Amino acid sequence: MSLGQQLAPHLPFLRRYGRALTGSQEHGDRYVRATLEAIVAAPEEFPRDVEPRLGLYRTFQVIWRATNADDEPALGGDDLSIDGREAIANARLARMAPLSRQALLLTAMEGFTPEDAGYLIDHDADEVEALVAEALAEIEKQTRARVLIIEDEPIIAMDIETIVRDLGHEVTGVAVTRDEAVAAAMADRPGLVLADIQLADDSSGIDAVKDILAEFQVPVIFITAFPERLLTGERPEPTFLITKPFQRSTVKAAISQALFFDDSTIPA
């Protein structure tokens with residue numbers, strides 16, 4: 001099998017990496033093209049002592065470093081080829097130190113082991129793990145938020161509040177009715193809302209959220225025993241919906257995702 005045939009299956013994934021690293025499909029593809037041109041021009045210099053995929057990414061990394069790309073931030077949302085969520089993700093990645101960004105993308109997105117990622121960026125596995133931890137800490141710092149909880153069951157509300165605080169977020173209040181929720185949101189604007197549907201006075205968490213969103217935009221996670229009331233196909237459905245009884249890990253993951261793609265928590 002020729003070298004080109006060995007590398008072909010990995011090119012879409014290299015494009016994905018290049019796009020995430022630069023924040024731009026155009027710029028990412030430019031680096032991929034430069035990588036392929038370098039391999040074609042000097043195939044004898046292609047790393048033969050590792051798997052083809054590793055060799056491909058290694059060649060990309062060499063070109064990336066050679067063009068001083070480590071001194072350049074990832075590009076943001078001015079690229080019309082990416083949607084708003086990707087632009088927000090790129091903006092967060094851009095705030096990380098370049099090596100931390102590369103270590104995170106290579107391990108978390110591309111699936112390389114710390115040892116292989118270390119080979120790609122010229123660091124040992126322990127250093128890669130430290131860089132990834134640094135990147136995750138930066139994401140956590142960027143996505144700190146003030147959270148309003150709309151939940152009428154005291155034990156569940158306390159459990160959710162503990163989860164929120166454990167993640168480093170601040171709780172602005174716990175509301176048990178629609179009117180309380182709207183009043184709390186207007187008095188102290190939250191950066192995230194966690195809402196039940198059935199509230200204490202038989203009012204609706206759905207209506208509370210509608211009232212809040214009519215005043216300002218904020219990410220919302222519904223946590224409910226009645227998901228069928230939201231998954232009807234008759235209206236826009238929530239991006240984040242958790243069914244009771246819930247796992248704490250599920251709530252944590254949903255909070256992290258909702259905030260990661262919310263541009264209001266990106267530092268100016």
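In this chain, residues are counted from 1 in sequence order. As the structure is a computational prediction, the values presented were derived from the model and not from experiment.
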Would a hydrophobic clustering, with Ile, Leu, Val, Met, Phe, Trp and Tyr connected at side-chain separations under 4.5 Å, put [X] with [Y]?
X	Y	answer
F46	V62	no
L54	L105	yes
V176	I149	no
V32	V40	no
F240	V164	yes

If you measure from the Lys or Arg side-chain nitrogens to the Asp or Glu carboxylate oxygens, is any gap between [X] and [Y] under 4.0 Å?
X	Y	result
R248	D166	yes
R16	E110	yes
R58	D122	yes
R33	E37	no
D29	R19	no

Got a sec: does the [atom1] of [X] have more than 12 other heavy atoms crowding it under 6.0 Å?
X	atom1	value
F13	CZ	no
M158	CE	no
E115	CD	yes
R146	CZ	yes

Side chain [X], main chain [Y], donor-acceptor under 3.5 Å:
X	Y	result
T107	T113	no
E170	A145	no
T35	Y31	yes
S203	L199	no
E151	E153	yes
E134	A130	no

[X] versus [Y]: any side-chain heavy-atom pair under 4.5 Å?
X	Y	answer
T59	I39	yes
L241	T224	yes
V128	Y119	no
Q198	D152	no
P98	W64	no
V147	I160	no
F226	T243	no

How long is the span from the [atom1] atom in [X] to the [atom2] atom in [Y], to the nearest 0.5 Å?
X	Y	atom1	atom2	result
L7	L14	CG	CG	9.5 Å
R178	E180	CZ	CD	13.5 Å
I212	L148	CD1	CG	5.5 Å

Mind telling me whether Y17 and Y57 have parallel, tilted or perpendicular rings, with 30° and 60° as the class edges?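 Ring orientation of Y57 relative to Y17: tilted.
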Honestly, is R53 close enough over F112, meaning NZ or CZ under 6.0 Å from the six-membered ring centre and within 45° of the axis?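 Because its charged atom sits under 6.0 Å from the ring centre and within 45° of the axis, R53 does stack over F112.
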If I compare all heavy atoms of [X] with all of [Y], which pair ends up nearest, and what's the gap?
X	Y	value
A34	I63	O-CD1, 3.4 Å
I150	A181	CD1-CB, 3.5 Å
P114	E129	CG-OE2, 3.7 Å

Please table the atom pairs, donor to acceptor, closer than 3.5 Å between any side-chain atom in residues 214-222 and protein atoms at least two apart or in another chain.
{"unit_1": "Q217", "atom_1": "NE2", "unit_2": "L213", "atom_2": "O", "d": "3.4"}

Pair H169, L192 - check side-chain contact (heavy atoms from CB on, under 4.5 Å), show working. CA-CA 10 Å; H169 307 300; L192 175 68; 5.9 Å; no
side-chain contact (heavy atoms from CB on, under 4.5 Å) between L106 and I121: does it pass, once the steps are laid out? CA-CA 10 Å; L106 287 169; I121 63 174; 3.8 Å; yes
Going through the checks in order, is the side-chain contact (heavy atoms from CB on, under 4.5 Å) test met by D196 and I223? CA-CA 5 Å; D196 189 10; I223 304 177; 6.0 Å; no
List the steps, then state whether side-chain contact (heavy atoms from CB on, under 4.5 Å) holds for Q102 with L21. CA-CA 7 Å; Q102 291 172 57; L21 188 61; 3.6 Å; yes
